[in-house]
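These notes concern the structure reproduced below.
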Amino acid sequence: MISYIRGNLAAMEKDKVLVDVHGVGYGIFMPERSMGLLPQIGSEVKLHTYLNVREDVMQLFGFLTRDDLAIFKLLIGVSGIGPKGGLGILSQLSADDLRFAVLSGDVKAISATPGIGKKTAEKLIIELKDKLDLDDMLHPADEGVSAAAVDPGATSVQAEAVQALVALGYGSTESLKAVKKVKLDDDATVEEVLKAALKNF
């Protein structure tokens with residue numbers, strides 16, 4: 001299994017990049033939104049990869065973060081969604097946006113992806129709802145000790161504040177960023193976090 005590839009970005013196509021690793025060129029499929037964040041041609045890149053093996057083909061799929069890769073693996077575990085379908089969804093939605101869509105049951109946001117119909121989106125929500133957690137966005141695993149380890153109530157307060165902002169009509173990603181900027185006191189309430197987060201818009 002190829003966990004990641006580090007090398008020089010040699011070329012970019014519509015849905016694929018070519019990474020040169022000591023003279024060997026790896027063609028790696030990527031979400032379009034991630035490709036837009038890549039450095040210029042010739043720069044070094046590191047992509048977390050998934051190797052898809054079928055009888056007639058071997059394909060590498062690459063992601064900028066381990067979180068994106070983890071979400072991709074969950075997506076292709078849903079019946080009816082293959083690697084290209086999973087890539088399409090992550091081209092349309094970020095990992096955090098997908099979490100919000102699943103947890104809020106937003107069929108419309110998911111089915112806006114080309115090739116993903118309403119029934120497939122509904123199935124995806126049902127199968128992933130118990131596997132995704134809003135707290136993962138507030139405290140990513142690779143950011144060190146989470147606030148929950150210090151203050152067990154902090155995570156739920158932040159999560160409720162994010163959900164409240166979304167309910168008020170703010171975008172999911174913007175709401176998350178606004179709440180993450182708030183410095184929490186030990187006894188902060190949802191209302192206090194909400195008021196502070198609104199100042200960050």
Side-chain angles (χ1 to χ4, degrees), residues 30-39 46-48 63-75 77-78 81 86-113 116 118 121-201:
M30 291 186 67
E32 288 183 26
R33 65 168 43 243
S34 296
M35 290 179 66
L37 299 174
L38 289 171
K46 177 182 177 181
L47 300 177
H48 301 275
F63 305 90
L64 295 176
T65 67
R66 285 180 294 178
D67 184 45
D68 284 347
L69 174 60
I71 291 293
F72 176 75
K73 288 180 178 179
L74 286 177
L75 284 171
V78 176
I81 298 180
L87 206 66
I89 292 173
L90 288 177
S91 291
Q92 188 82 16
L93 301 168
S94 69
D96 282 350
D97 285 337
L98 179 62
R99 284 191 179 97
F100 273 113
V102 170
L103 294 172
S104 62
D106 192 346
V107 173
K108 186 177 179 180
I110 298 172
S111 59
T113 302
I116 302 296
K118 182 180 178 182
E122 290 173 343
K123 183 190 298 182
L124 185 154
I125 290 171
I126 291 171
E127 293 191 25
L128 295 189
K129 201 151 195 174
D130 293 334
K131 298 178 182 178
L132 295 176
D133 192 341
L134 181 64
D135 292 344
D136 291 342
M137 292 179 285
L138 293 165
H139 304 290
D142 57 358
E143 285 191 359
V145 180
S146 74
V150 180
D151 176 4
T155 314
S156 60
V157 167
Q158 287 180 306
E160 287 183 41
V162 171
Q163 291 169 342
L165 287 170
V166 172
L168 288 172
Y170 291 98
S172 56
T173 302
E174 291 77 14
S175 298
L176 176 64
K177 289 179 179 178
V179 170
K180 288 180 75 172
K181 289 179 182 178
V182 176
K183 292 183 179 180
L184 286 178
D185 293 326
D186 292 341
D187 56 350
T189 65
V190 174
E191 289 76 13
E192 289 170 341
V193 174
L194 191 57
K195 287 179 182 178
L198 285 168
K199 296 178 182 178
N200 292 324
F201 284 96

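Nothing here was measured: the structure is a model prediction, and the numbers come from that model. Atom set for the values below is all heavy atoms of this structure, side chains included, hydrogens, waters and symmetry mates excluded.
For the residue pair A101 and A109, the shortest heavy atom distance occurs at CB-CB, 4.3 Å. Residues L75 and G86 approach most closely at CD1-O, 3.8 Å, considering heavy atoms. Scanning all heavy atoms of the two residues, the minimum distance from A95 to D67 falls at CB-OD2, 3.6 Å. The minimum heavy-atom distance between V179 and A161, with the atom names listed, is CG2-CB, 4.1 Å. Residues V193 and A188 share a closest heavy-atom pair of CG2-CB, 4.2 Å. Taking all atoms of both residues into account, the shortest heavy-atom contact from E127 to G77 is OE1-O, 4.1 Å.
Using a 4.5 Å cut-off on side-chain heavy atoms (C-beta onward), I71 and R99 make contact. Between Q163 and V166 the shortest side-chain heavy-atom distance does not fall below 4.5 Å. Using a 4.5 Å heavy-atom cutoff, the side chains of D68 and P31 are not in contact. Residues I110 and V102 are in side-chain contact: their nearest non-hydrogen atoms beyond the backbone lie under 4.5 Å apart. Within the 4.5 Å cutoff, side-chain heavy atoms of F63 are placed close to those of L87. At a threshold of 4.5 Å between non-hydrogen side-chain atoms, the residues M30 and L38 count as touching. By the 4.5 Å heavy-atom criterion applied to side chains, V162 and F100 are counted as neighbours.
Checking each of V107, I89, T113 against L124 for a side-chain contact (heavy atoms from CB on, under 4.5 Å) leaves exactly one that passes, namely I89.
Taking CG from L37 and CZ from R33, the interatomic distance works out to 8.5 Å, rounded to the nearest 0.5 Å. Atom CZ of F72 and atom CD1 of I81 lie 10.5 Å apart (nearest 0.5 Å). The CG atom of L103 sits 9.5 Å away from the CG atom of D130 when rounded to the nearest 0.5 Å.
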Candidate pair D106 and I125, rule side chain to side chain contact (heavy atoms under 4.5 Å, CB included), full reasoning
CA-CA 8 Å; D106 192 346; I125 290 171; 5.8 Å; no
Could you walk me through whether L194 and L165 pass the side chain to side chain contact (heavy atoms under 4.5 Å, CB included) test, one step at a time?
CA-CA 7 Å; L194 191 57; L165 287 170; 3.5 Å; yes
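The backbone N or O of E32 sits less than 3.5 Å from a side-chain atom of S91, completing a donor-acceptor pair.
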